[in-house]
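Computed from a predicted model, the values in this text were never measured in an experiment.
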Amino acid sequence: MPRKVLVLYAHPSVERSEVNSRLAALAARHDACTTIDLYALYPDYRIDVDAEQQRLTQHDALVFLFPLFWYSTPALLKEWQDLVLEHGFAYGSGGDALANKDFLCVCSAGGGKDAYRKEGSNHFSLRALLRPLEQTANLCQMHYLPPFALFGSRSSLTDGRLEEHQRQFEALLDGLANDTLSHWRDSAQPLLNIGTEESSMEQAQ
């Protein structure tokens, strides 16, 4: 029986999204996925913590789908983390509701991949910049998978890279649903991008 995948999509300007909106639509059509558009569901930022926690317990894998904003998540997704991942639920004494679930960050970055390395303009790899989310997974006893990313996202549609990225994203959703990504759990690889240069290139942490 397929595992259940929860995709939390967070984009504050969905009408301007060329990448994440397409990935969210793919996830919404996937039989194993529950896809939640956080900005559509909570335009006033009043998050229903009980409903979100119940939704988490009903799924086997969690995906954050978002554009990278100042090396982190959009504000509402950060608010979701602050409120939903409570002590006693997600971590701390008795807080094991998320233990052994998979956690994957799927994000788009405006800068090219060369910008996300020690010698680049951002000075850190994407994985290093997302360390707070990785440690969140660790604290919640989740299995952290390396991030799946699209660099140079602003030109990805016009230069023909977006279609392949969408295909890989669908393959990742299949892998999460069918539990075929176990070798990526807690992996030290910088990225999860399958069969691309990004998946194997060494980035300074």
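Taking the charged nitrogens against the carboxylate oxygens, Arg55 and Glu52 do have a contact shorter than 4.0 Å, which makes a salt bridge.
You'll find the side chain of Gln166 stays beyond 4.5 Å of the side chain of Val19, heavy atoms only. A heavy-atom distance below 4.5 Å is found between the side chains of Arg161 and Leu150. The shortest distance between side-chain heavy atoms of Thr35 and Leu26 does not fall below 4.5 Å. Contact check for Ile36 versus Leu41: side-chain heavy atoms found under the 4.5 Å cut-off. Between Phe169 and Val106 there is a side-chain heavy-atom pair separated by less than 4.5 Å. Counting only heavy atoms from C-beta outward, the side chains of Phe151 and Leu68 never approach each other to under 4.5 Å.
Listed by chain and number, the hydrophobic cluster partners of Tyr91 are Leu139, where partners are ILVMFWY side chains within reach of under 4.5 Å, directly or through others.
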Intermediate values then yes/no, side-chain hydrogen bond (donor to acceptor under 3.5 Å, both in side chains), His59 and Thr34: CA-CA 9 Å; His59 291 79; Thr34 301; 2.8 Å; yes
Worked verdict on Leu65 versus His11 for side-chain contact (heavy atoms from CB on, under 4.5 Å): CA-CA 8 Å; Leu65 173 58; His11 198 305; over 6 Å; no
Check against side-chain contact (heavy atoms from CB on, under 4.5 Å), Gln135 and Tyr144: CA-CA 9 Å; Gln135 177 54 22; Tyr144 186 78; over 6 Å; no
Thr73/Gln81 under side-chain contact (heavy atoms from CB on, under 4.5 Å): CA gap, chis, key distance, verdict: CA-CA 10 Å; Thr73 65; Gln81 297 169 61; 3.6 Å; yes
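Taking the six-membered ring for Trp, Tyr9 and Phe64 have ring centres at least 6.0 Å apart. No close placement of the His123 and Tyr116 rings is indicated, their centers lying 6.0 Å or farther apart. Remark: aromatic rings of Trp80 and Tyr45 are distant, center separation not under 6.0 Å.
Between the Asp96 side chain and the Ala99 main chain, no donor and acceptor come within less than 3.5 Å of each other. A donor-acceptor pair is defined here as one N or O able to donate and one able to accept, closer than 3.5 Å; no such pair exists between the side chain of Asp60 and the backbone of Lys101. Checking side-chain atoms of Asn178 against main-chain N and O of Pro2 turns up no donor-acceptor pair under 3.5 Å.
With 3.5 Å as the limit, one finds a donor-acceptor pair spanning the side chains of Asn122 and Tyr71. In summary, the side chains of Gln189 and Trp184 do not present any donor paired with an acceptor at a separation below 3.5 Å, with no hydrogens or angles considered. Residues His30 and Asp174 bring a donor and an acceptor atom of their side chains to less than 3.5 Å of each other. Checking Asp102 against His143 by side-chain atom types alone, no donor-acceptor pair falls below 3.5 Å.
Nearest approach of Cys105 to Leu130, heavy atoms of both residues: CB-CD1, 4.4 Å. Heavy atoms only, all atoms of each residue included: Tyr39 and Ala75 are closest at OH-N, 3.5 Å. In terms of heavy atoms, Pro74 sits closest to Pro67 at CD-O, 3.6 Å. The minimum heavy-atom distance between Leu38 and Leu76, with the atom names listed, is O-CD2, 3.3 Å. Across all non-hydrogen atoms, the minimal contact from Leu176 to Ala61 is CD2-CB, 4.2 Å. Nearest heavy atom pair, residue Met142 against residue Leu98, reads CG-O, 3.4 Å.
Counting non-hydrogen atoms of other residues, nucleotides and ligands closer than 6.0 Å to CG of Asp31 gives a total of 12 or fewer.
Screening residues 132-141 for salt bridge (charged side-chain N to carboxylate O under 4.0 Å, His left out) gives Arg127-Glu134, Arg131-Glu134 as the qualifying pairs, with residues at least two apart or on separate chains.
Leu8 is not connected to Phe69 by any chain of hydrophobic side-chain contacts under 4.5 Å among Ile, Leu, Val, Met, Phe, Trp and Tyr, and they are in different clusters.
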